[in-house]
Amino acid sequence: MIKSFLDENFLLQSEVAEYLYHEHARKLPIIDYHCHLNPKEIAEDKVYDNLAQIWLNGDHYKWRAMRTNGIAEKFCTGDAADFEKFEKWAETVPYTLRNPLYHWTHLELQRYFGIHKILNSATAKEIYDEASAKIASKEYSVRNLMLKMKVEVVCTTDDPIDNLEYHIKVRKDGFMVKVLPTWRPDASMAVENAVSYNEYLDKLSVVSGIKIDKFNNLLEALHNRHDFFAAQGCKISDHGLETLYAECYTLSEIESIFKKVRSGKTLDKLEILKFKSAMCYEFGIMDHEKGWVQQWHIGALRNNNSRLFKKLGPDKGFDSIGDFEIGRSLSKFLDRLDKNNKLTKTILYNLNPGNNELLATMAGNFQDGSFPGKIQMGPGWWFLDQKDGIERQMNSLSTLGLLSRFTGMVTDSRSFLSYPRHEYFRRILCNLLGNDVMNGEIPYDKVLLGKMVEDISYYNARNYFQF
Ligand SMILES: [Zn+2]
């Protein structure tokens, strides 16, 4: 029998999966512990003008698909009118079959707007009009979108020099969703460009009130901002790297490397590596002191298209999966912190699916019985945030670790319309367990499985982060 497209039992292939999803997963709120939402828009409770603005401005997944479909840049990141861009997207959607964009697009139309039509050139105008009329109303302000999706907590991604004014405003407003900052200090170790690095340090110096001319001052200034972030409710850090940096170094080496770059001179490769190694370790220590969770996103090969990078800048859809060696340095980094009793709760995300097993086993090395799932293998991220990637991540984690202790899904999104990705993830989880039951590989213990689904969908994250 042919199932109908994206009905209430979407992705649920057995009655066990249907039971687990509808009775246990569906009702739970969302803890979105890593995303890139703009806190300013939450503070202002922005109302978007139309569907194109909220859907297409800033979504590099869609731009990539449109370019691949032969659509000119003008309609992706360019200056075409909103509806023109939307028409080009609608024209592309039928060509996205089997890409997660096809599922996300129609899930979002259903869940937010109650639109059950299929988007294509023929339906573009009516869907645009219907959804835009809704999105332009106060009922669809970004705060109301979050409430509609039962979001309980979101963690944005913020630089140490950010004054967090928007987070503060949201909290003062008494908004029911906790909007918390995340400490993302990548720029504070970006020494490969001496000019921009010094500009950054000057800003850091101003916001911290600490003169930065020695490595110790840099750490002091960062501590100062770390304390400030903590006072604003921050409980997690996040770092985006090709691979962990864990080169041996001495403090006097780091002092002289810092002086060199601070005086505007360019560092060589080994100096950069040593400096970043020192910074990664110091970040780990700072997070441990506060009992924060550290997150490491590893393995993106960014800005591959230099021509379009020059024209459009970063995060416009020209990044891919890298093949960096990640095992040895990750091991060394975690071991050094653990050895010194400074290893805090940690989430490791890999972008290369070939590293799934590596990461799942690496996490196991540093579990110490102090907290269930202390070292997490993070959910399928970016290119892996789709049915196959999510299943493969959970299969690796199940086989080589404890799926039951998994803290579950994040959107990692820039869009307020991305929350159905949690639903998508929960359906896939329930389906995996349902198939195992149907095959007689695990018992049909409704209490055990129901609890497991609820834990991974919500309660594990709640207990792990203690927001
Ligand atoms: Zn992210």
Side-chain angles (χ1 to χ4, degrees), residues 29-51 53-55 57-59 112 134-188 200 202-210 221-240 286-287 290-293 295 315 410-419 421-422 461-462 465-467:
I30 288 173
I31 296 177
D32 199 28
Y33 56 89
H34 176 67
C35 73
H36 297 267
L37 291 176
N38 183 349
K40 181 168 186 270
E41 295 186 355
I42 306 173
E44 292 167 352
D45 198 18
K46 176 166 176 164
V47 176
Y48 280 85
D49 291 342
N50 58 52
L51 185 57
Q53 286 193 4
I54 193 165
W55 239 10
N57 292 354
D59 190 340
Y112 290 94
K134 286 182 174 159
I135 205 75
S137 70
K138 187 70 190 166
E139 201 195 320
Y140 279 72
S141 71
V142 300
R143 289 192 189 183
N144 284 331
L145 291 173
M146 296 166 94
L147 293 172
K148 199 177 168 71
M149 289 295 123
K150 287 193 288 196
V151 178
E152 215 170 73
V153 183
V154 293
C155 298
T156 60
T157 301
D158 310 276
D159 192 280
I161 61 174
D162 195 293
N163 64 16
L164 304 181
E165 61 180 308
Y166 302 117
H167 296 83
I168 294 165
K169 174 164 189 315
V170 170
R171 197 179 61 228
K172 282 195 178 144
D173 286 351
F175 182 40
M176 275 162 63
V177 180
K178 273 193 183 174
V179 179
L180 303 176
T182 297
W183 171 261
R184 171 98 172 209
D186 294 1
S188 70
Y200 180 83
D202 293 342
K203 286 184 203 153
L204 178 61
S205 177
V206 171
V207 290
S208 64
I210 292 165
L222 286 170
H223 266 115
N224 171 294
R225 300 307 295 164
H226 204 263
D227 293 344
F228 172 71
F229 269 56
Q232 304 312 323
C234 179
K235 294 198 168 191
I236 53 181
S237 69
D238 181 45
H239 312 262
M286 286 160 74
D287 290 353
K290 298 233 175 51
W292 287 8
V293 173
Q295 302 177 100
D315 303 322
V410 295
T411 62
D412 197 7
S413 177
R414 293 172 161 73
S415 165
F416 289 91
L417 295 185
S418 290
Y419 291 111
R421 291 191 203 176
H422 283 265
R462 198 172 80 161
F465 296 103
Q466 307 269 336
F467 288 123

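Computed from heavy atoms alone, side chains included, the values below leave out hydrogens, waters and symmetry copies.
- Take Asn163 and apply the side chain to side chain donor-acceptor pair (under 3.5 Å) test, not counting sequence neighbours, and it matches no residue.
- By the ring-ring contact (aromatic ring centres under 6.0 Å, His included) test, His422 is found to be paired with no residue, residues two or more places apart in sequence or in another chain being considered.
- With sequence neighbours excluded, no residue forms a salt bridge (charged side-chain N to carboxylate O under 4.0 Å, His left out) with Lys172.
- Leu51 is not listed as a side-chain neighbour of Lys134, based on a closest heavy-atom distance of 4.5 Å or more.
- Checked against side chain to side chain donor-acceptor pair (under 3.5 Å), Asp173 has the following partners two or more places apart in sequence or in another chain: Arg143, Lys169.
- When all heavy atoms of Ser208 and Asn224 are compared, the closest pair comes out as O-ND2, 3.5 Å.
- To the nearest 0.5 Å, atom CZ of residue Arg421 and atom SG of residue Cys35 are 11.0 Å apart.
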Fill in: Steps toward salt bridge (charged side-chain N to carboxylate O under 4.0 Å, His left out) verdict (Asp162, Arg225)
CA-CA 9 Å; Asp162 195 293; Arg225 300 307 295 164; over 6 Å; no
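- Inter-residue side-chain proximity for Phe228 and Leu164 is flagged as met; some heavy-atom pair is nearer than 4.5 Å.
- When all heavy atoms of Val207 and Ile161 are compared, the pair lying nearest together is CG1-O, 3.8 Å.
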Discussion item. Before you tell me yes or no, could you show the steps for Ile42 and Met146 under side-chain contact (heavy atoms from CB on, under 4.5 Å), namely the whole-Å CA-CA distance, both residues' side-chain angles and the distance that decides it to 0.1 Å?
Written reply: CA-CA 10 Å; Ile42 306 173; Met146 296 166 94; 4.1 Å; yes
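- A distance of 4.5 Å separates NE2 of His34 from OG1 of Thr157, quoted to the nearest 0.5 Å.
- Qualifying side chain to side chain donor-acceptor pair (under 3.5 Å) partners for Gln232, counting only residues two or more places apart in sequence or in other chains: Arg171.
- Put simply, the side chain of Met149 reaches to within 4.5 Å of the side chain of Tyr112, judged on heavy atoms.
- For the pair Pro39 and Asp158, the minimum side-chain heavy-atom distance is below 4.5 Å.
- Asp315 meets the salt bridge (charged side-chain N to carboxylate O under 4.0 Å, His left out) test with Arg302, Arg414; sequence neighbours excluded.
- Side-chain atoms of Asp32 come within 3.5 Å of backbone atoms of Thr411 as a donor-acceptor pair (strictly under, hydrogens ignored).
- The ring-ring contact (aromatic ring centres under 6.0 Å, His included) analysis of residues 162-181, with sequence neighbours excluded, yields no pairs.
- Interatomic distance, Phe229 CZ to Asp227 CG, rounded to the nearest 0.5 Å: 11.5 Å.
- Between the side chain of Trp292 and the backbone N or O of Ser237 there is no donor-acceptor pair closer than 3.5 Å.
- Considering all non-hydrogen atoms of both residues, Ser205 and Ile210 come closest at OG-O, 2.8 Å.
- For the residue pair Ser413 / Ser418, a side-chain donor-acceptor distance below 3.5 Å is found, with atom types taken as modelled.
- Shown here are the side chain to side chain donor-acceptor pair (under 3.5 Å) partners of Glu139, two or more places apart in sequence or in another chain: there are none.
- Ile135 has its side chain within reach of Leu145: a pair of non-hydrogen atoms, C-beta onward, lies under 4.5 Å apart.
- Judged by distance alone, the side chain of Lys235 and the main-chain N or O of Gln466 form a donor-acceptor pair under 3.5 Å.
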Discussion item. Test side-chain contact (heavy atoms from CB on, under 4.5 Å) on Trp55 and Tyr48; report intermediate values, then the result.
Written reply: CA-CA 10 Å; Trp55 239 10; Tyr48 280 85; over 6 Å; no
Item to complete: Show your working on side-chain contact (heavy atoms from CB on, under 4.5 Å) between Ser188 and Leu222 and close with a plain yes or no.
Response: CA-CA 9 Å; Ser188 70; Leu222 286 170; 4.0 Å; yes
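- With sequence neighbours excluded, no residue forms a salt bridge (charged side-chain N to carboxylate O under 4.0 Å, His left out) with Glu152.
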Discussion item. Does Tyr200 form a side-chain contact (heavy atoms from CB on, under 4.5 Å) with Asp159? I'd like the steps, not just the answer.
Written reply: CA-CA 11 Å; Tyr200 180 83; Asp159 192 280; 2.6 Å; yes
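- Every residue two or more places apart in sequence or in another chain was checked for a ring-ring contact (aromatic ring centres under 6.0 Å, His included) with Phe416, and none qualifies.
- Lys148 meets the salt bridge (charged side-chain N to carboxylate O under 4.0 Å, His left out) test with no other residue; sequence neighbours excluded.
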Do any side-chain atoms of residues 177-185 form donor-acceptor pairs under 3.5 angstrom with protein atoms, and if so which ones, sequence neighbours left out?
from: Lys178; atom 1: NZ; to: Phe467; atom 2: O; distance (Å): 3.1
from: Thr182; atom 1: OG1; to: Thr156; atom 2: O; distance (Å): 2.6
from: Arg184; atom 1: NE; to: Asp186; atom 2: OD2; distance (Å): 2.9
from: Arg184; atom 1: NH1; to: Asp238; atom 2: OD2; distance (Å): 2.5
from: Arg184; atom 1: NH2; to: Asp186; atom 2: OD2; distance (Å): 3.2

